[in-house]
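Start at 1 and go down the list; that is how both ligands and their atoms are numbered.
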Amino acid sequence: MRILVLGGTTEAAALARLLANDTRFEATLSLAGRTSAPATQSLPTRIGGFGGIEGLVRTLTAEKVEAVVDATHPYAAQMSAHAVAACRQTGLPLASLTRAPWTEQAGDRWQHVSSAESAAMVLGDTPRRVFLTIGRQELPVFAVAPQHHYLARLIDAPKGKRLPPDLVLLQARGPFDLAAETTLMRDERIDVVVSKNAGGDPTYAKIAAARALGLPVVMIARPDKPAGHVVNSPNETVQWLDHVRRSLRGV
Ligand code: 3Y8
Ligand code: NAP
């Protein structure tokens, strides 16, 4: 059965490893092409946008895809909206591999905001040392608050965007560990962390390190992310795919 997996996450990579050795399925992984050197994947991988909903419909039809898995990141809301629309239009089954958000533990000092813009405002007027861990795409937002010192972690260096003046770029990709995150924040004298609620383990260490150091975390809320049939793990996704395969084959 021919499958398209919309990837770009830890779970998508894990699902790809499961599908690569499973002769019941012929799967392709899709990445947006956001990073210059994505991690090698276990499945044949296509890189780049589809060209909106219609582009995705054309790909699904041309590639004779029989089922779609949306394993994109919790903040990749547009890709998920397009997947729901394109699967409705083509009548294809869609599973959405979702990830639970992090929840506050005792000792956490989270400030909830709705966007990167409100995160920049809530930092306040007094200059602070900010650990920005939300990547490159929304970095220009913080140019409205130039009084702060920013340590910004991202994968590829930003190109030609208006950036905050007092900025140090840290090029690194997850997963990260508690000891390294704690040392980094202490050595850099960080006094506030800005984060998305990515969920999962690969980047939770910064949240635990902030708690250990008694630092506040400005937590940007997840966007509404449309979904098809919700599955919660790569294994559950494979079970769903086999159920679809059997119903398509009438077995
Ligand atoms: C291109 C694929 C793996 C998957 C690793 C996960 C974990 C690390 C959490 C921090 C937070 C951040 C960022 C982050 C996380 C995993 C996972 C996850 C956050 C890769 C990947 C692609 C991307 C795109 C990239 C964004 C950026 C966001 C960095 C590969 C590594 C900050 C999100 O330069 C850019 O334009 C980067 C863009 C979207 C957010 C942003 O706005 O900048 N992810 N991340 C995917 C594609 O092309 O389709 O390059 O190998 C995947 C991973 N990112 O295989 O181990 O599964 O969640 N990625 C955030 O949470 O704010 C890092 O640094 O603490
Ligand atoms: P997004 O805002 O939801 O989508 C924007 C556009 O990017 C989509 O309309 C689509 O272009 C293209 N696109 C997104 N994901 C794609 C995929 N897997 N395959 C092909 N095209 C894709 O997406 P995003 O938030 O920029 O995320 C881009 C990628 O990075 C995704 O793979 C996501 O899983 C990964 N990621 C994102 C974050 C984050 O913080 N947003 C964190 C970690 C990983 P067209 O309209 O042209 O089809």
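Taking all heavy atoms of Lys196, Glu138, Gln78 into account, the minimum distance to atom 2 (O) of ligand 2 is reached by Gln78. When the heavy atoms of His73, Arg222, Glu11, His82 are ranked by distance to atom 43 (C) of ligand 2, first place goes to His73. Scanning Thr133, Thr203, Leu170 for the heavy atom closest to atom 9 (C) of ligand 1 points to Thr203. Summarising the contacts of atom 31 (C) of ligand 2 with Gly7, Gly49, Ser30, Ala81, the nearest heavy atom is found in Gly7.
With a 4.0 Å cut-off on non-hydrogen atoms, Pro38 touches ligand 1 through its backbone as well as its side chain. Contacts with ligand 2 closer than 4.0 Å are made by no heavy atom of Ile134, backbone or side chain. Counting heavy atoms closer than 4.0 Å to ligand 1, residue Ala39 contributes atoms from both its backbone and its side chain. Contact annotation for Arg173 and ligand 1: only side-chain heavy atoms (C-beta onward) come within less than 4.0 Å of the ligand. Counting heavy atoms closer than 4.0 Å to ligand 1, residue Thr10 contributes atoms from both its backbone and its side chain.
The closest approach between Gly200 and ligand 1 stays at or above 4.0 Å for every heavy atom of the residue. Distances from ligand 1 to the non-hydrogen atoms of Tyr75 include no value under 4.0 Å.
The pair Arg211-Asp108 meets the salt-bridge criterion, since a charged nitrogen lies less than 4.0 angstrom from a carboxylate oxygen.
The presence of a protein heavy atom under 4.0 Å from atom 11 (C) of ligand 1 is confirmed. Distance screen at 4.0 Å: atom 14 (C) of ligand 1 has no protein heavy-atom neighbour inside the cut-off. For atom 60 (C) of ligand 1, the nearest protein heavy atom lies under 4.0 Å away.
Residue pairs meeting the side chain to side chain donor-acceptor pair (under 3.5 Å) criterion with at least one partner in residues 162-179, sequence neighbours excluded, are His149-Asp166.
Close N/O approach between Arg153 and ligand 1 is found [any backbone or side-chain N/O within under 3.5 Å]. Any N or O atom pair closer than 3.5 Å counts here, and Arg99 shares at least one such pair with ligand 1. Ligand 2 has no N or O atom lying under 3.5 Å from any N or O atom of Leu6, backbone or side chain. Not one N or O of Thr9 is nearer than 3.5 Å to an N or O of ligand 2, by distance alone. For Gly52, a nitrogen or oxygen atom sits less than 3.5 Å from a nitrogen or oxygen atom of ligand 2, counting backbone and side chain alike.
At the top of the distance list for atom 50 (O) of ligand 1, counting protein heavy atoms only, stands Thr35 OG1, 2.7 Å. Of the protein's heavy atoms, Lys196 CD, 3.1 Å lies nearest to atom 62 (O) of ligand 1. From the protein, the heavy atom lying nearest to atom 38 (C) of ligand 1 is Gln137 NE2, 3.7 Å.
Atoms of ligand 2 found under 4.0 Å from any heavy atom of Met79 (numbered from 1 in listed order, with element): 1 (P), 3 (O), 4 (O), 10 (C), 13 (N), 14 (C), 15 (N), 16 (C), 21 (N), 22 (C).
Environment of NE2 in His243: sparse, with no more than 12 heavy atoms of neighbouring residues, nucleotides or ligands closer than 6.0 Å.
Qualifying side chain to side chain donor-acceptor pair (under 3.5 Å) partners for Ser30, counting only residues two or more places apart in sequence or in other chains: Arg46.
There is no side-chain donor-acceptor pair under 3.5 Å between Ser96 and Lys225.
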